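Some notes on the structure that comes next.
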Amino acid sequence: MEFLQFIPIPLLLVVTIAANLLSGVINRHYSKNVTGGLGGFYFFLVITSGVSVLSIAAISGFDLAVSGYTAAIGAAFGVVMTVSAVFLLYSIKIGPWSYTTVITSFSMLIPAIGGAICWHEEIDALTIVGMVLVVASVVLSVQTKKKSTAVAPSAIEKAAITDTAEGESAATADSEIFESEMPAVSENTDKNGGKTKFSARWIVCVSIAALASGGIGMLQMTHQKSVYRGELLTMLVIAFAVETVILSIALLAYVLKYGRAALFENPPKTKKLWALLVFLIVVAGLCGMLNHVINLYLSGVMDSAVFFPLVNGSNLVLVTVLSIFVYRERLSVKQWIGLGIGIIAVLCLCL
């Protein structure tokens with residue numbers, strides 16, 4: 001990553017913030033408008049992770065020294081990244097992008113607490129305040145209703161189940177983790193008139209995504225505080241390769257069970273639209289690669305008190321603005337309060 005030192009830091013910041021936002025926009029579009037469920041997520045993530053591993057390997061000149069320690073951390077990193085990515089996409093599909101971004105931003109709590117326990121780093125008063133506000137924001141995020149609303153599988157997946165799984169319930173079109181009925185479903189309407197379920201299922205999925213994201217932070221810290229920190233690109237290549245393999249196996253199993261028709265709820269109608277979709281997914285993969293490489297570099301050359309608030313805060317503000325003014329996500333008064341508290345919590349955790 002030596003070439004990065006010749007690029008001005010302000011330019012690197014602009015690139016990583018823009019890449020993060022563009023990736024989020026593509027994730028949102030795909031999750032809400034294209035995919036029909038887990039299989040569609042696997043398809044998306046196989047491409048993005050494959051693009052990331054190839055691009056990072058190319059950046060390194062395919063000259064990757066590897067130790068057993070880096071291989072082990074990289075493999076664990078890949079598994080945790082897979083969990084985080086799948087649950088994040090599902091959270092965006094069934095809930096508001098703005099609030100999903102706030103909750104997943106709470107993942108920085110895990111490295112903060114882990115650093116205090118494992119490396120005796122101090123937790124200041126603002127971090128403690130942020131932790132308390134996190135709890136308040138999560139509690140306010142679920143808008144309860146007296147009547148529960150079951151979320152049925154898509155018509156495509158019902159057909160796939162009928163054709164391929166004799167006697168199976170329609171509720172098993174996706175993983176039982178996602179499709180099991182949970183109480184208190186609230187709905188928010190986007191600008192296209194679609195209903196976005198904002199429920200206990202969403203809070204479970206987004207919480208798992210946040211926990212996995214925090215695990216990623218812990219693994220990064222573990223590796224970068226070791227004598228093998230110079231093998232950073234190698235670790236990322238191994239991580240994305242593991243993620244690609246896991247998701248490829250999951251995608252194959254899904255297609256064999258439900259058929260290709262179950263992958264997409266609204267598949268592209270023409271070859272040009274298919275090409276555009278694949279292009280957008282590749283762009284999302286390149287954005288993910290840029291985020292990992294640039295952020296890891298900047299975290300080593302910038303003061304953390306400046307870097308983390310700038311990157312996390314910018315993403316949070318930009319996503320919130322887009323969600324409200326472009327995608328017209330509608331929240332209840334209680335959820336608006338929770339969103340505001342969540343943004344304050346993130347700032348407290350970053351500073």
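No hydrogens, no waters, no symmetry mates; every other heavy atom, side chains included, goes into these values. No experiment lies behind these values; they were computed from the predicted model shown.
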Original post:
Which value, rounded to the nearest 0.5 Å, describes the distance between Phe240 atom CZ and Ile56 atom CD1?
Top reply: 5.0 Å

Original post:
So, Ser323 side chain and Val319 main chain: donor-acceptor pair closer than 3.5 Å or not?
Top reply: yes

**OP:** Please check if Phe62 and Val66 belong to a single hydrophobic cluster, counting links between Ile, Leu, Val, Met, Phe, Trp and Tyr side chain heavy atoms closer than 4.5 Å.
**Re:** no

Subject >> Sub-4.5 Å side-chain heavy-atom contact between Thr82 and Phe77 >> reply: no

Original post:
Using the benzene-type ring in the case of Trp, are the ring centres of Phe279 and Trp274 under 6.0 Å apart?
Top reply: no

Subject >> Pairwise distance CD1(Ile17) to CD1(Ile294) - rounded to 0.5 angstrom >> reply: 10.5 Å

Original post:
Is there a chain of hydrophobic side chains (I, L, V, M, F, W, Y, each step under 4.5 Å between heavy atoms) that links Val278 to Ile281?
Top reply: yes

Original post:
Side chain of Thr48, backbone of Leu45: donor and acceptor closer than 3.5 Å?
Top reply: yes

Original post:
With a 6.0 Å cut-off on ring centres, are Phe41 and Tyr30 close enough?
Top reply: no

Original post:
Roughly how far apart are Leu251 CG and Phe44 CZ, rounded to 0.5 Å?
Top reply: 13.5 Å

**OP:** Output the distance between atom CG (Leu290) and atom OG (Ser55), rounded to the nearest 0.5 Å.
**Re:** 7.5 Å

**OP:** Evaluate the side-chain proximity of Val53 to Ile238: yes if any heavy-atom separation is below 4.5 Å, no if none is.
**Re:** no

Subject >> Minimum heavy-atom distance Glu243-Ser49, with the two atoms named >> reply: OE1-CB, 3.4 Å

**OP:** Grab the two heavy atoms, one from Tyr258 and one from Ala262, that are nearest each other, plus how far apart they are.
**Re:** CB-CB, 3.7 Å

Original post:
Measuring from Ile47:CD1 to Ser248:OG, what's the distance to the nearest 0.5 Å?
Top reply: 10.0 Å

Original post:
Less than 4.5 Å apart, any side-chain heavy atom of Leu322 and any of Leu21?
Top reply: yes

Original post:
Do we see a donor-acceptor contact under 3.5 Å between the side chains of Trp97 and Ser31?
Top reply: no

Subject >> Side-chain donor-acceptor contact under 3.5 Å, Ser67 with Thr70 >> reply: yes

Subject >> Ile26 vs His29 side-chain heavy atoms within contact, under 4.5 Å >> reply: no

Original post:
Backbone N or O of Ala19 within a donor-acceptor pair of the Ser23 side chain at under 3.5 Å?
Top reply: no

**OP:** For the pair Glu265 and Lys32, find out whether any cationic side-chain nitrogen is under 4.0 Å from an anionic carboxylate oxygen.
**Re:** no

**OP:** Keeping the roles fixed (side chain from Thr104, backbone from Ala210), state whether a donor-acceptor pair exists under 3.5 Å.
**Re:** no

Original post:
Tell me, do Ile216 and Met81 make a side-chain contact under 4.5 Å, heavy atoms counted?
Top reply: yes

**OP:** Determine whether Tyr42 and Ile246 make a side-chain contact, defined as any pair of heavy atoms from C-beta on separated by less than 4.5 Å.
**Re:** no

Original post:
Do Leu219 and Val245 belong to the same hydrophobic cluster, where Ile, Leu, Val, Met, Phe, Trp and Tyr are linked whenever their side-chain heavy atoms lie under 4.5 Å apart, directly or via other members?
Top reply: no

**OP:** Kindly compute the distance separating CZ (Arg260) from CZ (Phe43), expressed to the nearest 0.5 Å.
**Re:** 11.0 Å

Original post:
Is a side-chain donor or acceptor of Ser91 paired with a backbone partner of Val206 at a separation under 3.5 angstrom?
Top reply: yes

Original post:
Taking Asn266 for the side chain and Val34 for the main chain, is one N or O donor matched with an acceptor at less than 3.5 Å?
Top reply: no

Original post:
Do Leu22 and Leu89 belong together in a cluster built from hydrophobic side chains that touch within less than 4.5 Å?
Top reply: yes

**OP:** Write down the atom of Thr100, the atom of Gly95, and the distance for their closest heavy-atom approach.
**Re:** OG1-C, 4.4 Å

**OP:** Quick one: closest heavy-atom pair of Ser52 and Gly288, and the distance?
**Re:** OG-C, 4.5 Å

Original post:
Any donor and acceptor pair, going by atom type alone, linking the side chain of Thr16 with main-chain N or O of Leu12 inside 3.5 Å?
Top reply: no

Subject >> Minimum-distance pair of heavy atoms, taken over all atoms of Ile73 and Met235 >> reply: CG2-SD, 3.7 Å

Original post:
Which atom names give the shortest non-hydrogen contact between Ser226 and His223, and what distance separates them?
Top reply: OG-O, 2.6 Å

**OP:** Step by step, work out the ring-ring contact (aromatic ring centres under 6.0 Å, His included) result for Trp202 and Tyr90.
**Re:** CA-CA 8 Å; Trp202 170 79; Tyr90 196 82; over 10 Å; no

Original post:
Is Leu211 reachable from Val79 through a run of I, L, V, M, F, W or Y residues, each pair having side-chain heavy atoms under 4.5 Å apart?
Top reply: no

